[in-house]
Amino acid sequence: MTTTDTSTEARNPALDPSLVQPTSTPGADGRPGVPMQRLIHVELRKMVDTKAGRWMLIVMSSISLVVVTALLIWGESDEMTYESFLGFTALPLAMLLPILGIMAATAEWSQRTGLVTFTLEPRRGRVVVAKVVAALILGLVVTAAAFVFAALANVVGASVGDGSGAWDVTWKVGLGVVLGFAIYVLQGLAFGFVFLNTPFAIVASLLLPTLWTIAVSLVSSLAEPSKWLDLNQVTEPLFSGSMTGENWGQLSTSFGVWVLLPLLLGAWRVMHREVK
């Protein structure tokens, strides 16, 4: 007659769920939550696995390559320096990086995957954090690619053409480019969270700064406030590595208005909006 070892069953995690160690902090219902590392990995996969995400990365890489190639072909010899190549590469990326953030923020609502995402991780705040971290990581990858393209172009210009080949990018300029690109990614995330609709968010991120610039040109009394509220204007010293104390104050003010405030408002919207 066969006997059953009840003590073995009691110690078997497969038979006793109470022995299974949670992989992250439990939620309000006591169930183990999805680890933050896994959430970030999933958000990165969402951004690069979809057709829109892949094509956005391809377009950004292609534009950077086209810009540096054009400078190699038609640029003057004294313009072919590392700083010039990096500056030309940064111009189109400053316009496209917010779209990268917008697509990351609106994925659940434009592709109707919100029910799945928020069922697997009901704590929406953790999903918002994962999206922010994932978008910043991908933004850093794009930034690194810009530095690499500029470096390769500088080598080619000095070897094949008549470029000076000067490596004149200081650490202040390099840090400013990284920080500036991160700000534009966060701006895109903020607008995406506010509107939760990809086309609306893209139009708003492009139209509102343009309308502000037009208003400043028409109303002279707005010229002084624009030094503190125009994100494009306050990031220029950042990219050139010439930030002063006043510039940092202007950047902080503009960042609070155009990035931090809509980011907080958008996060609140994500956490309270009904998922359909």
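Taking every heavy atom of both residues into account, Met36 and Ala130 meet most closely at SD-CB, 4.0 Å. Summarising the geometry of Ala267 relative to Val128, their closest heavy-atom pair is CB-CG1, 4.2 Å, with the distance given to 0.1 Å. The minimum heavy-atom distance linking Ala146 with Thr89 is given by the pair CB-CG2, 3.6 Å. The minimum heavy-atom distance linking Val194 with Pro262 is given by the pair CG2-O, 3.2 Å. The shortest non-hydrogen separation linking Val68 to Ala153 is CB-CB, 3.9 Å. Here the shortest heavy-atom pairing between Met56 and Leu100 reads CG-CD1, 4.3 Å.
One distance of note links OG1 of Thr170 with OH of Tyr82; it measures 11.5 Å at 0.5 Å rounding. Note that CE of Met103 and CG of Leu138 are 10.0 Å apart. Values are rounded to the nearest 0.5 Å. Put simply, OG on Ser254 and CG on Leu260 are 11.5 Å apart, with the number rounded to the nearest 0.5 Å. Here CD1 of Ile137 is found 9.5 Å from CE of Met47. Values are rounded to the nearest 0.5 Å. Atom-to-atom distance recorded for Leu196:CG and Arg273:CZ is 5.0 Å, nearest 0.5 angstrom. The distance from atom CG of Leu39 to atom CG of Leu44, rounded to the nearest 0.5 Å, is 11.0 Å.
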Under 3.5 Å, which donor-acceptor pairs link side chains of residues 179-186 to any protein atom two or more places apart or in another chain?
residue: Tyr184; atom: OH; partner: Asn232; partner atom: OD1; Å: 3.2
residue: Tyr184; atom: OH; partner: Thr235; partner atom: OG1; Å: 3.0

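Within a 6.0 Å radius of CZ in Arg45, no more than 12 heavy atoms belonging to other residues, nucleotides or ligands are found. Atom CZ of Phe88 has 12 or fewer heavy atoms from other residues, nucleotides or ligands within 6.0 Å. In the displayed structure, Trp55 atom CH2 is contacted under 6.0 Å by at most 12 heavy atoms of other residues, nucleotides or ligands. More than 12 heavy atoms of other residues, nucleotides or ligands lie within 6.0 Å of CZ in Phe147, so this atom counts as buried by the packing criterion.
Trp212 has its side chain within reach of Leu229: a pair of non-hydrogen atoms, C-beta onward, lies under 4.5 Å apart. By the 4.5 Å heavy-atom criterion applied to side chains, Ser205 and Ile102 are counted as neighbours. Under the 4.5 Å side-chain criterion, counting only non-hydrogen atoms from C-beta, Lys46 is in contact with Thr117. Counting heavy atoms from C-beta on, the side chains of Val219 and Leu222 come closer than 4.5 Å. Annotation: side chain of Phe239 is not in contact with side chain of Leu91 (no heavy-atom distance under 4.5 Å). The side-chain heavy atoms of Val177 and Leu86, taken from C-beta on, include a pair separated by under 4.5 Å. Side chains of Phe255 and Gln250 form no contact here, defined as non-hydrogen atoms less than 4.5 Å apart. At a threshold of 4.5 Å between non-hydrogen side-chain atoms, the residues Leu265 and Phe193 do not count as touching.
The backbone N or O of Trp268 lies less than 3.5 Å from no partner atom in the side chain of Arg124, so there is not a single donor-acceptor pair. In this structure a side-chain-to-backbone donor-acceptor pair under 3.5 Å is missing from Trp109 to Gly114. The closest donor-acceptor contact from the side chain of Ser159 to the backbone of Val156 lies at 3.5 Å or more, if one exists at all. Here the side chain of Ser84 pairs no donor or acceptor atom with the backbone of Met80 at under 3.5 angstrom. Listed for the Ser240 side chain is a donor-acceptor partner under 3.5 Å among the backbone atoms of Pro237. Side chain of Ser61 to main chain of Ile58: no donor-acceptor pair is present (N/O by atom type, distance under 3.5 Å, no hydrogens or angles). Checked by atom type and distance alone, the side chain of Asn247 pairs as donor or acceptor with a backbone atom of Thr244 at under 3.5 Å. Judged purely by atom type and a 3.5 angstrom limit, Thr253 uses its side chain to pair as donor or acceptor with the backbone of Gly249. With hydrogens and angles disregarded, no donor-acceptor distance shorter than 3.5 Å links the side chain of Glu43 to the backbone of Ala134.
Hydrophobic cluster membership is shared by Val59 and Leu57, with clusters built from Ile, Leu, Val, Met, Phe, Trp and Tyr side chains linked at under 4.5 angstrom. Hydrophobic clustering, with ILVMFWY side chains joined whenever heavy atoms are under 4.5 angstrom apart, groups Leu206 together with Ile63. One hydrophobic cluster, built from ILVMFWY side chains closer than 4.5 Å, cannot hold both Val203 and Met95; they sit in different ones. Hydrophobic clustering of Ile, Leu, Val, Met, Phe, Trp and Tyr side chains at less than 4.5 Å, counting indirect connections, keeps Val67 apart from Val148. Placement of Val257 and Phe195 within a single hydrophobic cluster is found when ILVMFWY residues are connected by side-chain heavy-atom separations under 4.5 Å, directly or transitively.
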Worked check of side-chain contact (heavy atoms from CB on, under 4.5 Å) between Thr213 and Gln233
CA-CA 10 Å; Thr213 302; Gln233 184 175 341; over 6 Å; no
Q. Going through the distances and angles, do Val234 and Trp248 end up as a side-chain contact (heavy atoms from CB on, under 4.5 Å)?
A. CA-CA 8 Å; Val234 300; Trp248 283 112; over 6 Å; no
side-chain contact (heavy atoms from CB on, under 4.5 Å) for Leu97 and Met60? Distances and angles first, verdict last.
CA-CA 8 Å; Leu97 280 171; Met60 294 172 73; 3.4 Å; yes
Go through the steps to decide whether Leu72 and Phe85 satisfy the test side-chain contact (heavy atoms from CB on, under 4.5 Å), and finish with yes or no. CA-CA 9 Å; Leu72 279 172; Phe85 285 117; 3.6 Å; yes
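Under the salt bridge (charged side-chain N to carboxylate O under 4.0 Å, His left out) criterion, Arg54 pairs with no residue at all, not counting sequence neighbours.
Residues Glu108 and Lys131 are paired through a salt bridge, judged by an N-O separation under 4.0 Å between the basic side chain and the carboxylate.
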